[in-house]
Amino acid sequence: MLDGVKPTIGVLALQGDVREHVHALEACGAHAVPVRRESELAAVDGLVIPGGESTTISKLLEVFDLLEPLRQRLAEGLPAYGSCAGMILLASEVLDTRPDMQVLRGIDMTVRRNAFGRQVDSFETDLDFAGLDSAVRAVFIRAPWVEAVADGVEVLATVPSGPAAGRIVAVRQGNVIATSFHPEVTGDLRVHKLFVDTAVRPRAGV
Ligand code: GLN
């Protein structure tokens, strides 16, 4: 799939499930490296923002002086993939969060934190995912959903049934992908492969 190219993909390593993403990316044939400083960010062909606690990661982006450099690289078209807390950080607007939370504006969307509520805050389901030929097992852990997207944002997956049926849980805009759920914990590499492929062959005209 990678045609002999081995892209260097960073995993933002301030907080969250960094190791699981590193393993998934390596299994896809990428060279995966943790990113904690600006020089490391400058050296990657793409970046994963992992699940964890989005307000904590936001705070640490400021502490580590990564917020503006990361916004800048995203604005220049850096391929990125955010899972769960990573999706929240990639949004242009976040609902139900702290007023001082910083967002990266990688995807023109409004995301609601902890959207599934306390009763069902962690669950699994199979869902159809645009571009993949069979269902993806989606693990949701205190997950967000996408409340609204702007024109130009592709919806890749929605919740198939239950009280949250129809809610948007995977999106793509240009070279940036986000999922509410955690493919890095299931052993199914297809979402990571989709992303690594984007980092090898970025879409033009971001
Ligand atoms: N609820 C977390 C947040 O708001 C996200 C949970 C996760 O990444 N698994 O950041």
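We number each residue from 1, following the sequence as shown. Both ligands and their constituent atoms are indexed starting at 1 by order of listing.
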Notebook entry, point to check: Is atom CD of Glu38 surrounded by more than 12 heavy atoms (other residues, nucleotides or ligands) closer than 6.0 Å?
Noted result: no
Margin query: Within the 3.5 Å criterion, strictly below it, is a donor on Thr198 or Arg172 matched to an acceptor on the partner's side chain?
Written below: yes
Could you tell me, for ligand 1, which of its N or O atoms are under 3.5 Å from any protein N or O, listing the pairs and their distances rounded to 0.1 Å?
unit_1	atom_1	unit_2	atom_2	d
ligand 1	1 (N)	Asn114	OD1	2.6
ligand 1	1 (N)	Arg142	O	2.9
ligand 1	4 (O)	Ser54	OG	3.2
ligand 1	4 (O)	Arg113	NE	2.7
ligand 1	4 (O)	Arg113	NH2	3.1
ligand 1	8 (O)	Gly52	N	2.9
ligand 1	8 (O)	Gly52	O	3.1
ligand 1	8 (O)	Ala85	N	3.1
ligand 1	9 (N)	Ile141	O	3.0
ligand 1	9 (N)	His182	NE2	3.0
ligand 1	10 (O)	Ser54	N	2.5
ligand 1	10 (O)	Ser54	OG	2.7

Checklist line | Short N-O contact, Glu53 and Arg113, less than 4.0 angstrom | finding: yes
Check: Apart from Leu95 itself, what residues make up its hydrophobic cluster, given side-chain heavy atom links below 4.5 Å?
Finding: none
Next item on the list: Measure the shortest side-chain to side-chain distance between Asp96 and Asn114 over non-hydrogen atoms and say whether it is less than 4.5 angstrom.
Entry: no
Check: With a 4.0 Å cut-off, would you call Lys193 and Asp197 a salt bridge?
Finding: no
